[in-house]
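Input: a single structure, listed below in structure tokens.
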2 protein chains.
Amino acid sequence: MRNPTLHDVARAAGVSYSTADRVLNQRGGVAEKSILRVQHAIQELGYRRDIHAANLSRRRSYRFRFYLPQGDHGFFSVLRDAAQDQGRARALDRINVDVHDVPALDADALAIELASIAEGDCDCVAIVGADSDRLGAAVARLAGLGIAVVTLVSDVESHARAAYIGINNIAAGRTAGRLIGLAHTARYGRILPILGKLGVRDHRERLRGVSDVLAGVGGISLLPALEVMDRPDRMLEHVGKVLTMDPDITGIYSIGAGNRALIRILGEMGGARPFVVLHELSPHSRVALEGGLVDAVIDQKPAEEIAQALDAMKAIVDGEVPIQAEITPTIYLKDNLPGPTGDGEHA
Amino acid sequence: MRNPTLHDVARAAGVSYSTADRVLNQRGGVAEKSILRVQHAIQELGYRRDIHAANLSRRRSYRFRFYLPQGDHGFFSVLRDAAQDQGRARALDRINVDVHDVPALDADALAIELASIAEGDCDCVAIVGADSDRLGAAVARLAGLGIAVVTLVSDVESHARAAYIGINNIAAGRTAGRLIGLAHTARYGRILPILGKLGVRDHRERLRGVSDVLAGVGGISLLPALEVMDRPDRMLEHVGKVLTMDPDITGIYSIGAGNRALIRILGEMGGARPFVVLHELSPHSRVALEGGLVDAVIDQKPAEEIAQALDAMKAIVDGEVPIQAEITPTIYLKDNLPGPTGDGEHA
DNA sequence: CTGAAAATGATTGACGTCAATCATTTTATG
DNA sequence: CATAAAATGATTGACGTCAATCATTTTCAG
């Protein structure tokens, strides 16, 4: 079964290949009646450009840039590795991926980086978004230069951004709440939420999600959120103190990204451990999950996010509508982890 | 950045394009010393065939056949729709997908269907596997004809099958056990497992998984498994009876595929409902999850399975090694469901 | 009707690969 | 050294599309 070609379209429309090409590619110099005939033939035949043949002819390459937060957060290093690995694997699709580090939690630094991009420097840009007027303006400037911007993990408030790929953070918080509710089916409880910064929208949304669900579960109190600024020293200092002063805490929900210090605290606890939900599967959180220090990890599957970002960016550059496939909050327990297991209990 | 071409390889090896082509495609008529030079150049330059250009030149199309169980099981209709939709969406990659219905749970009927495939009829076949010597032999015959077979959802015991795409069922059962354990924190419980057929390996494996995990949780009894042969009438009759005779049942784990009858029973129950875990997200199980009749659904993401099957089949036909990306058991609670939500509580 | 502008058509070479065919060169054998 | 076989090289057209260029036809305006 052969797909229709532009030759077929031209024949069906009763025009030359040149005219069909002029219509398809909006080159001008075609009378309205011929335009309509070609468009009708395209629709009737279901013609779609063979993008591979077109790219071969044009010597097209797709130059994609990713601006990703640096730092010690496991999640962002997983995301960076995925961008680089998948970019490499897609060389035969003519995709070149350039990964740039930017300071974490610093929207202004990112905006400055984006401001240095000139027209024609690349075809599409992917960033981890943030709430920032300056960042929104930088995105809009790039769109004006014909460089589409895709946001990952966290969105921007700019209508100029071409696509968002990430989870719904309210749903993520609700999911954490549902799990905490499950673990409190037959008991009362006090839950400590820990977050990086209330100013970060994603963190606020997750807190709202967990709060909504727990409000509907009788017998569970949600404590005031503890802000640790994604700093391990603050995590060590403040969480330890709260746990000592309130030994009735039965659950912890860590909303932010950095969990190494928290895992350390959990490892050093004696007695009954609280039920713990973290975000993002990283080597550290994985070990904690496998070892029973942590009960659940809610993940946004960075490798899938990168794959979808690449698909979306390519579609945008090809002039197609990017498919908005959804990344749902993924729940990892001890038993459904991807890849080889550490505990050898099952093959 | 341009990928190296075969012209580059020929130049680097100091031979003509014709000779490089003969080596690459093993056409013969090349001296050993020239073969080594070309192979060395291929390796040094990291040359990879531009498969799109090659397919254009050869007028290649990929003819894939899917043999999927028919019947009223929601999961297999989701799988069938995914195969058809994704096949259509991949026409520009020259992929043609042909979906064939076969009787459910009937390995012999499937083997007979496979036996009617002649050499050259298609390029690759995907089936839902089963334990059956006859099926294994049919797979081996096809491999002998140069038609690779990929198994989905359930594997076969044949070394001749080219790839398996599906979840680890022991892990799926363990995951169900972990969830059940969570919901029984601080209380005792009695758990009723329901399965289609003990003779089906997948069902056996899931039962073993849940059994292993619950053995490590104090205070929970796993009742003898109830076999309902994937028949709604048996489900209605037997589950209702057991629930009446044993009102202390605190949890149900439905291992098999058909859950409409069970959902109906749950909807008609008065009093306290047991904690319920099902497999496979379908329109019916989704409604039950959203409505609170069911607490968790463990899914194997049929759309992702089909996508991976198509990738694997294409790789096999292209002579590449298919990437064995893993499908992990996906946990759906009320709050992390994909797509628009039914309850309108969050956007 | 004539001349100019617009529309349309024809042609060509390119992209990377496939595959067939024929020409030329190199190697092996007697 | 001569001949035959093997190895190698050159050429060509194809695939579907792009893009440029020039030729021809049609339309419009005076």
Side-chain angles (χ1 to χ4, degrees), chain A residues 1-39 41-42 45-62 91-96 123 314 317-320, chain B residues 1-39 41-42 45-62 91-95 123 317-320:
Chain A
M1 192 211 65
R2 200 184 59 95
N3 294 320
T5 67
L6 192 56
H7 284 282
D8 299 325
V9 169
R11 204 174 299 119
V15 300
S16 68
Y17 182 93
S18 300
T19 300
D21 172 85
R22 289 188 181 110
V23 174
L24 179 68
N25 295 298
Q26 296 171 332
R27 299 192 210 278
V30 186
E32 187 68 25
K33 65 171 168 77
S34 295
I35 290 175
L36 292 176
R37 283 159 63 188
V38 171
Q39 285 175 340
I42 285 170
L45 292 179
Y47 168 77
R48 290 184 69 209
R49 193 194 309 264
D50 180 342
I51 201 68
H52 302 308
N55 286 344
L56 176 63
S57 170
R58 294 177 71 173
R59 304 158 218 228
R60 153 70 72 75
S61 66
Y62 301 91
L92 276 185
D93 289 322
R94 301 168 173 267
I95 289 176
N96 303 318
D123 296 308
K314 185 170 180 295
V317 174
D318 285 342
E320 311 255 356
Chain B
M1 192 210 69
R2 202 184 59 93
N3 295 320
T5 66
L6 193 57
H7 285 284
D8 300 325
V9 169
R11 204 173 299 119
V15 300
S16 68
Y17 182 93
S18 299
T19 300
D21 171 86
R22 289 186 180 110
V23 174
L24 179 67
N25 294 297
Q26 296 172 330
R27 298 192 211 275
V30 186
E32 188 68 26
K33 69 174 165 78
S34 296
I35 291 176
L36 292 176
R37 283 160 61 188
V38 172
Q39 286 175 338
I42 285 171
L45 292 180
Y47 168 77
R48 289 182 69 207
R49 193 194 309 265
D50 181 342
I51 201 68
H52 302 305
N55 286 343
L56 175 63
S57 169
R58 296 176 71 175
R59 303 160 219 226
R60 152 71 72 76
S61 66
Y62 301 91
L92 276 185
D93 288 323
R94 300 168 173 268
I95 289 176
D123 295 307
V317 174
D318 285 341
E320 312 256 358

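In this text, all values refer to a predicted model and were calculated from it rather than measured experimentally. Sequence lines set the chain letters: A, B, ... in the order given, protein chains first and strands last, and positions in each chain run from 1.
Shown are A:Arg60, A:Arg94, A:Arg49; of these, the salt bridge (charged side-chain N to carboxylate O under 4.0 Å, His left out) with A:Asp318 is made only by A:Arg60.
At least one side-chain heavy atom of B:Val38 sits under 4.5 Å from a side-chain heavy atom of B:Val9. Counting heavy atoms from C-beta on, the side chains of B:Leu24 and B:Asp21 never come closer than 4.5 Å. Here the side chains of B:Arg48 and B:Asn3 are not in contact, with every heavy-atom distance at 4.5 Å or above.
At a threshold of 4.0 angstrom between heavy atoms, the contacts of B:Ser18 include nucleobase atoms, whether or not backbone atoms are also involved. Contact annotation for A:Asn55: no contact, since no heavy-atom pair falls under 4.0 Å across all strands. Within 4.0 Å of A:His52, counting heavy atoms only, lies no atom of the nucleic acid at all.
The pair A:Arg2-A:Asp8 meets the salt-bridge criterion, with a side-chain N (NZ, NE, NH1 or NH2) lying under 4.0 Å from an Asp/Glu carboxylate O.
Mapping B:Thr19 and B:Leu56 onto DNA chain D by nearest heavy atom places B:Thr19 at the nucleotide closer to the 5' end. With DNA chain D read from its 5' end, the first of the two nearest nucleotides for A:Ser57 and B:Ser57 is the one closest to B:Ser57.
Once you apply a 4.0 Å limit to the heavy atoms of chain A, the touched nucleotides of DNA chain C run 5' to 3' over C:dA7 to C:dG16.
There is no side-chain donor-acceptor pair under 3.5 Å between B:Asp93 and B:Tyr62.
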